[in-house]
Enquirer: 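Okay, here's the structure, questions in a sec.
So that the names make sense, note that chain A is the first sequence line, chain B the second, and so on, each numbered from 1.
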Number of protein chains: 2
Amino acid sequence: MNNRLKELRGTRGWSQQTLAENLDISRQSVIAIETGRYDPSLPLAFRIAELFACRIEDVFVSPSAGQVAG
Amino acid sequence: MNNRLKELRGTRGWSQQTLAENLDISRQSVIAIETGRYDPSLPLAFRIAELFACRIEDVFVSPSAGQVAG
DNA sequence: TTTATATGTAAAGTATCCTTTACATCTTGA
DNA sequence: TCAAGATGTAAAGGATACTTTACATATAAA
């Protein structure tokens, strides 16, 4: 699932380490999510959205989003 | 994490089995999520929100939602 | 009573998420 | 050159999500 985590982190000028501390997760988890190795759990997705004061749908993009028939 | 899955399912008049088939998961997963035994993965949370044509935040309620200081 | 539908618990196994540790590369600056 | 910060890969282990199967209870209908 695509996401804008790296972009959002950039707007704050945060390193991966700083973001990890703000989310109370490891730096490896930040890397894994940013590089698309895996998706966060739902509770973590909520913490991420809350941290950046936006909706989950504004951070993560469902594979089926925006699809049209055909 | 609290959720309104059972309530939303009720508005459609669907059994757990029918919901499971619509989400392409097992009935046990539906039960586990409805009864709060565990949270869905983020991709499944997206599928649930899409099925009911609403936002993830309209189905699942973050533990920290609506909290005020004190 | 028997049958069918709906809901729930339990347990065992697989898949995914997340952590810790270690190591590699690149950039910046003393 | 050397040190430090930022980003990335890899691997092993623990935690959580999800599946399958089996069994229990309740309700409704023949």
Enquirer: Can you figure out which of D:dC18, D:dG8, C:dT7 approaches the side chain of B:S15 most closely?
Expert: C:dT7
Enquirer: Round to the nearest Å and state the distance from A:R12 atom CZ to D:dA6 atom P.
Expert: 18 Å
Enquirer: Given side chains that start at C-beta, do those of A:I48 and A:F60 come closer than 4.5 Å, heavy atoms only?
Expert: yes
Enquirer: Hey, what do you get for OG (B:S26) to CD (B:Q16), rounding to the nearest 0.5 Å?
Expert: 10.5 Å
Enquirer: Rounding to a whole Å, what distance do you find between A:L19:CG and D:dG8:P?
Expert: 12 Å
Enquirer: How many angstroms lie between CG in B:L8 and CG in B:D58, if you round to the nearest 0.5 Å?
Expert: 8.5 Å
Enquirer: To the closest 0.5 Å, what do you measure between CD1 (B:I31) and CG (B:L5)?
Expert: 11.5 Å
Enquirer: Looking at D:dC18, I'd like to know if its phosphate oxygens (OP1 or OP2) sit under 4.0 Å from a side-chain N or O belonging to B:S41.
Expert: yes
Enquirer: Output the rounded distance in Å from CG (A:L42) to C1' (D:dC18).
Expert: 15 Å
Enquirer: Heavy atoms under 4.0 Å is the rule here; annotate nucleotides 20-30 of chain C 5' to 3' with B where the base is hit, S where only the sugar-phosphate is, and - elsewhere.
Expert: BBB--------
Enquirer: Looking only at side-chain N and O atoms, does B:T35 come under 4.0 Å of OP1 or OP2 in C:dG8?
Expert: no
Enquirer: Provide, to the nearest angstrom, the distance between the CD atom belonging to A:E34 and the C1' atom belonging to C:dC17.
Expert: 16 Å
Enquirer: Would you give the length of the straight line joining atom OG1 of A:T11 to atom CZ of A:F52, rounded to the nearest 0.5 angstrom?
Expert: 6.0 Å
Enquirer: Whole angstroms only, please: what is the CD1-C1' distance between B:I31 and D:dT20?
Expert: 13 Å
Enquirer: Can you list the residues that meet the salt bridge (Lys or Arg N to Asp or Glu O under 4.0 Å) rule with B:R4, with sequence neighbours excluded?
Expert: B:E7
Enquirer: For the side chain of B:N3 and the backbone of B:I33, is there at least one donor-acceptor N/O pair under 3.5 Å apart?
Expert: yes
Enquirer: Whole-Å distance between C:dT16 P and B:Y38 OH?
Expert: 14 Å
Enquirer: For DNA chain C, what residues of residues 3-11 of chain A have any heavy atom nearer than 4.0 Å?
Expert: none
Enquirer: How many Å lie between CG on B:L44 and C1' on C:dA15, as a whole number?
Expert: 14 Å
Enquirer: Give a yes or no on whether the backbone of A:R27 and the side-chain of A:Q17 come within a donor-acceptor separation of less than 3.5 Å.
Expert: no
Enquirer: Are A:D39 and B:S41 side-chain neighbours, meaning at least one heavy-atom pair lies under 4.5 Å?
Expert: no
Enquirer: Figure out the CH2/C1' separation between A:W14 and D:dG5, and round it to whole Å.
Expert: 18 Å
Enquirer: Between B:P43 and B:Q16, who's closer to the 5' end of DNA chain C by nearest nucleotide?
Expert: B:Q16
